[in-house]
Protein chains: 2
Amino acid sequence: MDQKIIVTVDVVLLTLVGERLEVLLSRREREPFAEQWALPGGYVHAVEDADSLAAARRVLREKASLTSPYLEQLYTFSGATRDPRGWSASIAYYALVSADTLRPASPAPFELWPVDELPRLCFDHARIVDGALERLRGKSAYSSLPCYLLPPAFTLTELQQTYEHVLGQKLDKSAFRRKLADFDFLEVVKDAQRTGSHRPAQLYRIREEKNLMLFDRTI
Amino acid sequence: MDQKIIVTVDVVLLTLVGERLEVLLSRREREPFAEQWALPGGYVHAVEDADSLAAARRVLREKASLTSPYLEQLYTFSGATRDPRGWSASIAYYALVSADTLRPASPAPFELWPVDELPRLCFDHARIVDGALERLRGKSAYSSLPCYLLPPAFTLTELQQTYEHVLGQKLDKSAFRRKLADFDFLEVVKDAQRTGSHRPAQLYRIREEKNLMLFDRTI
DNA sequence: TTAGTTCGTGGCAAAGTGCAACTAATATTT
DNA sequence: AAATATTAGTTGCACTTTGCCACGAACTAA
């Protein structure tokens, strides 16, 4: 080994609050940059973490009490100058959760910030957030990724609006539903409807055997 | 820092030889696994490498005398058990080059192996190769990535065949050319034709201002 | 009952795609 | 010199997919 290298994981946890994507930030407890806003993260613990995914899960568990959101490796940001302590590599992950997942812990050591009104972030964390947004938006056009921003059961209109907010464009209702039917990764939740102020809407969920679906064309 | 962590870069260099994708492998010079086949790679040098991309470039320069191929970060493979020396993280990159780029250095410390007839590889390098192939194949369906498996100037038939070999399926000639025209990232090389045993073919190159193009639909 | 709103589906014109035939340009053969 | 073979590049057309809009269905509220 050439010299000691700092290895951390950082997690970009995204959720949809109303029409806006928000990201979970926490105040750093230690130097450098103590008290400033940063992504939840920390050193990889070689004794405790089997791999970097396990480290990311641990971070989410410790900082946001989350157990199993959608979690995917994003990119590794590295270099000599991104951390004042020395040459560092941050293995970045991004996580998607429904907004209500975060409600319970209210007096929490974290806050949700809209992605287009972020405070100044430590290190290169602003770039990491940008990378996560680019990945989310790019991948959402041809995958079922936005489902993970919703609770387990949702209506087709809710799903369409989620796609619209993530992609930043309106979609056609009938074309959207035709494609959902073609791709065939949802199933109706029997006898479950979203009952509101008007005609009730059928609830759907991701079919159990399907995980993230990649489509052969755009949604 | 919790404990010392090994940080390396490994590069999956892919090229198209005839109809088959091949990957560059080299024999390891040191323990562990000395003399066995592995991806070109090595420790990140904190003093020498500005970041992991620079480290990957250095590896390619040292092991394959390559200066500027298409080079993109793939994924970071990490964990306590993938390297017998301890907890390690390999920041993996993949590179694409045209076959003729590798011809010059003939008595070289590396060999090209067809991706579906690989020898036993060290560490988890077989998984890393799989990841690179998955990325290449996935991304090729909606991007100009396969261009980088060709020399700077090429005919449209050569480009179509490259797509076909990477994607593993035949494409329609007229639809393929219509889409190339729509996406508009190629330009004719004036007065340059591939002259063979029959009708000559116009040579094209990637338009200078365009880098990797992502299409809004499949090629 | 009636009006208002959202859910869900169907029709249709326009755009995109797959298939095959056609013309063009060259080398090779006769 | 003419005919043949082969690859390059284009065109026409049927078929599929998409975008747009409207309609009926189901519920709440007045």
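Below, chain A is the first sequence line, B the second, and so on; all start at residue 1. Every heavy atom of this structure was used, including side-chain atoms; hydrogens, water molecules and symmetry mates were not.
In this structure, the CG atom of D216(B) is 12 Å from the C1' atom of dG16(C), given to the nearest Å. As rounded to whole Å, 15 Å separates atom C1' of dC20(D) from atom NZ of K170(A). Atom pair K173(B):NZ and dG12(D):C1' shows a separation of 15 Å (rounding to whole Å applied). dA21(C) atom P lies 13 Å from atom CG of D172(B), rounded to whole Å. Per the geometry, NZ belonging to K179(B) stands 13 Å off P belonging to dT17(D), to the nearest Å. Between the CZ atom of F215(B) and the P atom of dG16(C) there is a distance of 16 Å, rounded to whole Å. Nucleotide dC23(D) holds its P atom 19 Å from the CZ atom of R177(A), rounded to whole Å. Protein atom CZ of R199(A) is 8 Å distant from nucleotide atom P of dT9(C), rounded to whole Å.
Across the interface with DNA chain D, nearest-nucleotide mapping of A175(A) and Q193(A) shows A175(A) to be the residue nearer the 5′ end. Residues S197(A) and T155(A) each lie close to DNA chain C; by heavy-atom proximity, the contact nearer the 5' end of the strand is made by S197(A).
When distances run from any side-chain atom of H198(A) to the nucleotides dG18(C), dT28(D), dT10(D), the shortest one goes to dT28(D). Taking the side chain of S174(B) as heavy atoms from C-beta on, and the options dG24(D), dG19(D), dT10(D), the nearest nucleotide is dT10(D). Across dG8(C), dC27(D), dC20(D), the shortest atom-to-atom separation from the side chain of A201(A) is found for dG8(C).
In this structure, R120(B) is not positioned above the aromatic face of W37(B) in the sense of NZ or CZ being under 6.0 Å from the six-membered ring centre and within 45° of the axis.
Annotation: side chain of Y148(B) is in contact with side chain of L212(B) (closest heavy-atom distance under 4.5 Å). Counting heavy atoms from C-beta outward, S26(B) and E111(B) have side chains that stay 4.5 Å or more apart.
Heavy-atom neighbours of E134(A) CD from other residues, nucleotides or ligands within 6.0 Å: at or below the threshold of 12.
R217(B) comes within 4.0 angstrom of the backbone, heavy atoms only, and of no base. Note on T195(A): nothing from the nucleic acid sits closer than 4.0 angstrom, heavy atoms only.
Ring pair F215(B)/F185(B): centre-to-centre distance below 6.0 Å.
Below the 3.5 angstrom threshold, one finds no donor paired with an acceptor across the side chain of R178(A) and the base of dG10(C).
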